[in-house]
Chemist: 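Please find one structure pasted underneath; my questions will follow.
Sequence lines set the chain letters: A, B, ... in the order given, protein chains first and strands last, and positions in each chain run from 1.
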Amino acid sequence: MELVSFYISALIALMASLLAVISRNAVHALLMLIVSLLAVACIFYQIGAPLAAALQVIVYAGAILVLMVFVIMMLNQGKAAVDQETQWLARENWLAPASLAGALLVMMLYLLWDSASRGAAARSVSAAEVGLAMYSKYLLVVELASFVLLAGLVGAFHLARRHTADSAASTNNAASTESVKSARGVR
Amino acid sequence: MNAQAIAAQSAESLQQIPLSHGLALAAALFCVGAVGMLIRRNILFTLMSLEICTNAVALAFVAAGAHWGNPDGQVMYVFVVTLAAAEVAIALALVLLFYRRHHTLDIDQLAAMRD
């Protein structure tokens with residue numbers, strides 16, 4: 001029973017990813033991508049990783065893709081964008097990369113073929129175990145991940161901010177008053 | 001009830017899904033994402049394909065971790081998701097900047113940055 005549901009989820013994930021890649025409309029592609037991520041979340045649950053399944057739904061499908069939805073909303077792509085995508089997705093454009101990636105897939109599947117499953121039996125790894133491992137053995141990596149997130153936050157804020165004339169003037173004024181204050185402090 | 005007891009309790013209920021099938025699915029998803037990155041010219045679709053690739057790699061981590069009953073796979077999954085979040089935030093900010101400046105999402109227009 002679980003094997004059957006695994007294969008159904010795998011099929012849904014593959015089909016949805018394929019449709020996301022070949023879709024002409026950005027919003028349709030994004031919705032297909034969300035379906036693919038949710039199918040992978042189902043697979044996580046079935047192979048005994050409930051924490052990963054929950055995080056996939058909450059963080060990946062919930063937060064990251066909603067960010068992309070907002071950006072697509074701000075870009076305001078219309079009918080013209082769909083027409084241009086149709087023009088760009090000509091057969092001679094996708095045939096060679098698709099066959100190269102297909103060859104890559106065949107090679108990876110061939111490598112997986114004789115390294116069939118061995119080792120311990122599958123068991124569910126609970127969130128408590130993951131938390132214990134993460135905050136003992138991988139504590140340094142957690143700190144580094146927080147640095148990455150902070151850098152991403154600051155970088156995204158700096159890049160996406162609108163540089164208007166008055167905001168530039170006000171930051172210049174603030175900087176000049178700061179320098180005046182520090183000069184006074186030195187005296 | 002400690003973590004080992006909870007794990008032992010749920011161990012009987014799981015039927016074994018072969019590791020190679022999970023890894024094969026991860027490989028197939030990665031290839032779909034790679035095709036998307038290669039064939040699309042719209043930078044938004046390139047980013048979405050990158051997400052598919054990242055997710056495939058995360059699936060490989062979790063499948064391998066689950067097969068050996070090891071929490072390390074899920075720990076790595078958490079870090080992959082963190083990295084993807086930071087990457088998407090920066091990349092989308094760059095996309096907005098690019099669109100404001102060039103009024104297109106054609107990735108070939110970025111070649112003009114060389115000059």
Chemist: Below 4.5 Å from any heavy atom of chain A, which atoms of B/Leu59 appear? Answer side chain, backbone, both or neither.
Modeler: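 Both backbone and side chain of B/Leu59 come within 4.5 Å of chain A.
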Chemist: Judged by atom type as modelled, is there a donor-acceptor pair below 3.5 Å linking the side chain of A/Ser23 to the main-chain atoms of A/Ala20?
Modeler: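 No, the answer is negative, given that no donor and acceptor are paired below the 3.5 Å cut-off.
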Chemist: With a 4.5 angstrom heavy-atom cut-off, which part of A/Val40 approaches chain B: side chain, backbone, both or neither?
Modeler: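 Side chain only.
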Chemist: Picking from B/Val35, B/Leu23, B/Val62, which has the most non-hydrogen pairs under 4.5 angstrom with chain A?
Modeler: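 Looking at each option in turn, the highest pair count goes to B/Val62.
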Chemist: Testing the 3.5 Å rule here: is there a donor-acceptor pair between the side chains of A/Gln56 and B/Asn55?
Modeler: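 A pair is found: one side chain offers a donor N or O, the other an acceptor, under 3.5 Å apart.
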Chemist: Angle between ring planes, B/Tyr77 versus A/Phe44, binned at 30° and 60°: parallel, tilted or perpendicular?
Modeler: perpendicular
Chemist: Pick whichever of B/Leu44, B/Leu96, B/Leu92 has the most heavy-atom pairs under 4.5 Å with chain A.
Modeler: B/Leu92
Chemist: Find out if a path of hydrophobic residues (ILVMFWY) with successive side-chain heavy-atom gaps under 4.5 Å connects B/Val32 to B/Phe45.
Modeler: no
Chemist: Is there a path of hydrophobic side-chain contacts, each under 4.5 Å between heavy atoms, that joins A/Val69 and A/Leu67?
Modeler: yes
Chemist: Checking heavy atoms, do the side chain of A/Val59, its backbone, both or neither come under 4.5 Å from chain B?
Modeler: side chain
Chemist: Is A/Leu11 linked to A/Leu38 within one hydrophobic cluster, defined over Ile, Leu, Val, Met, Phe, Trp and Tyr using a side-chain heavy-atom separation of less than 4.5 Å?
Modeler: no
Chemist: Picking from B/Thr82, B/Asn42, B/Val88, which has the most non-hydrogen pairs under 4.5 angstrom with chain A?
Modeler: B/Asn42
Chemist: Considering only heavy atoms from C-beta outward, does the side chain of A/Asn93 approach that of B/Ile39 to under 4.5 Å?
Modeler: no
Chemist: Select one option (side chain, backbone, both, neither) describing which atoms of A/Leu89 are under 4.5 Å from chain B's heavy atoms.
Modeler: side chain
Chemist: Can you see which heavy atom on A/Ala151 is nearest to which on B/Ile90, and at what distance?
Modeler: O-CD1, 4.3 Å
Chemist: Side chain, backbone, both or neither: which part of B/Ser49 has an atom under 4.5 Å from a heavy atom of chain A?
Modeler: side chain
Chemist: With a 4.5 angstrom heavy-atom cut-off, could you sort out which part of A/Leu104 is near chain B: side chain, backbone, both or neither?
Modeler: both
Chemist: What part of A/Leu100 gets within 4.5 angstrom of chain B, counting heavy atoms only: side chain, backbone, both, or neither?
Modeler: neither
Chemist: Return the option, out of B/Leu105, B/Leu83, B/Val95, with the maximum number of heavy-atom pairs under 4.5 Å with chain A.
Modeler: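 Option with the greatest count: B/Leu105.
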Chemist: At a heavy-atom separation under 4.5 Å, does A/Trp88 approach chain B through its side chain, its backbone, both, or neither?
Modeler: side chain
Chemist: At a 4.5 Å cut-off on heavy atoms, which part of B/Asn70 comes close to chain A: side chain, backbone, both, or neither?
Modeler: backbone
Chemist: Select one option (side chain, backbone, both, neither) describing which atoms of A/Met108 are under 4.5 Å from chain B's heavy atoms.
Modeler: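 Just the side chain, heavy atoms under 4.5 Å.
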Chemist: Between A/Phe157 and chain B, with a heavy-atom cut-off of 4.5 Å, which part of the residue counts as in contact: side chain, backbone, both or neither?
Modeler: neither
Chemist: Which residue pairs pass the salt bridge (Lys or Arg N to Asp or Glu O under 4.0 Å) test when at least one of the two sits in residues 63-88 of chain B, sequence neighbours left out?
Modeler: A/Lys137-B/Asp72
Chemist: Using a cut-off of under 4.5 Å for heavy-atom pairs, which of B/His21, B/Arg41, B/Met37 has the most such pairs with chain A?
Modeler: B/Arg41
Chemist: Just say parallel, tilted or perpendicular for the rings of B/His102 and B/Phe98, cut-offs at 30° and 60°.
Modeler: tilted
Chemist: Checking A/Met74 against chain B: side chain, backbone, both or neither under 4.5 Å from a heavy atom?
Modeler: side chain
